[in-house]
Amino acid sequence: MDKKTRDELIAKADKLLKYETDKVITWCSGCGNYGIQNALARALVLEGKERKDFALFFDIGCSGNGSDKFEANTLHGLHGRIISTAAGAALANDKMKVIAFAGDGATFSEGVGHLVHGVRNNFPMVFVHHNNENYGLTIGQASSTTRLGAKMNGTPGGVSIEPINTLEFVLSLNPTFVARGFSGDVDHLTELFRMAMRHKGFAYLEILQSCPTYNRLTTEDWYASRVKYVEDLKGYDRHDIWAAKKLVQDMDKEIYLGLIYENIEKKDFLSLQTNREGVKTSLVEEVKHYDVRDLI
Ligand code: SF4
Ligand code: MG
């Protein structure tokens, strides 16, 4: 984060504080969720969003418990279903920025079908995948992103199944925005949140999140010693899907963060609805009582 942006944040500290809650914080000490919500608050302030301009949708899990830790319009949904819930809100009110959050269980197991169709339909929303590589809320079982050999509750001898390469999977769906951040680099993550909010279609933002209580393999230090930045790659073209697919192959030694892929040509779902062409209002504004007797 440059000095100008930092000064801007300091000047707007009162707006940052408005997102703080007096609810009991239930996250463990050192959890990556703190850094993620910090980056979110900073990004909202820097993008000039007021509370009425956005809504946050939370799935089930430790990430989902963020729903009452942020003073804003929030909804805590069903496990694995938050993309469809949030997409509905985004389509109903295109003047509101919709941001949805889910863990690796919800995203790549219970809700993986919703992820596929969220990306495919290019719904106008941000989707944040908290990837802490385990089911933290249910005390540390392996998820589909837990690494091979990791000793978890439920698999004390070590995980025997290879994890899903999440970004490779999303890139196979012809997405329009794929980025990856790290809960331990809040400045960088703030910028990724800002870029995702400005994107018109489905912005997939994955966050490598440390879970110090249950995932003893991928600790904050483990990530910190491996993450690299796309911005430092000379000649990297983020509009080249093949370059992106190649970059995300390595999940162990050099893990790249940043805006990895972007397609600004493909239209978002709402722009493709020809029945809405020229309509200036949102569906929310159009809700009223209609006399349907003549239609019966
Ligand atoms: Fe965070 Fe892990 Fe504790 Fe959940 S279990 S609050 S993810 S540290
Ligand atoms: Mg998880």
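Both counts, for ligands and for their atoms, begin at 1 and track the order of listing. Just so it is clear, the structure is predicted and the values come from calculations on it, not from any experiment.
Around atom 2 (Fe) of ligand 1, the protein atoms of type N, O or S that sit closer than 2.8 Å are Cys211 SG.
Tested against Asp104, the residues Ser144, Ser143, Ser63 include a single side chain to side chain donor-acceptor pair (under 3.5 Å) partner, Ser143. Among Lys4, Arg6, Lys12, the single residue meeting the salt bridge (charged side-chain N to carboxylate O under 4.0 Å, His left out) criterion with Glu8 is Lys12. Among Leu257, Asn33, Val128, the single residue meeting the side chain to side chain contact (heavy atoms under 4.5 Å, CB included) criterion with Ile207 is Val128.
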Salt bridge (charged side-chain N to carboxylate O under 4.0 Å, His left out) assessment of Glu47 paired with Lys97: CA-CA 11 Å; Glu47 289 300 297; Lys97 181 51 70 179; over 6 Å; no
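To the nearest 10 degrees, the angle centred on the Mg ion (ligand 2) between OD1 in Asn132 and O in Asn134 reads 80°.
For a distance bound of 2.8 Å, the N, O or S atoms of Ser63 include none lying that close to the Mg ion (ligand 2). Within the 2.8 Å limit, Asp104 places at least one N, O or S atom next to the Mg ion (ligand 2). For the Mg ion (ligand 2), the set of nearby N, O or S atoms under 2.8 Å includes none belonging to Asn131.
There is a side-chain donor-acceptor pair under 3.5 Å between Thr5 and Asp2. For the residue pair Asn65/Thr26, the side-chain donor-acceptor check at 3.5 Å is not satisfied.
A salt bridge is absent between Asp14 and Lys18; no separation between the charged side-chain nitrogens and carboxylate oxygens falls under 4.0 Å.
Each of the atoms 7 (S) of ligand 1 lies under 4.0 Å from some heavy atom of Gln209.
Grouped by direct or indirect side-chain proximity (heavy atoms under 4.5 Å, Ile/Leu/Val/Met/Phe/Trp/Tyr only), Tyr34 sits with Ile25, Trp27.
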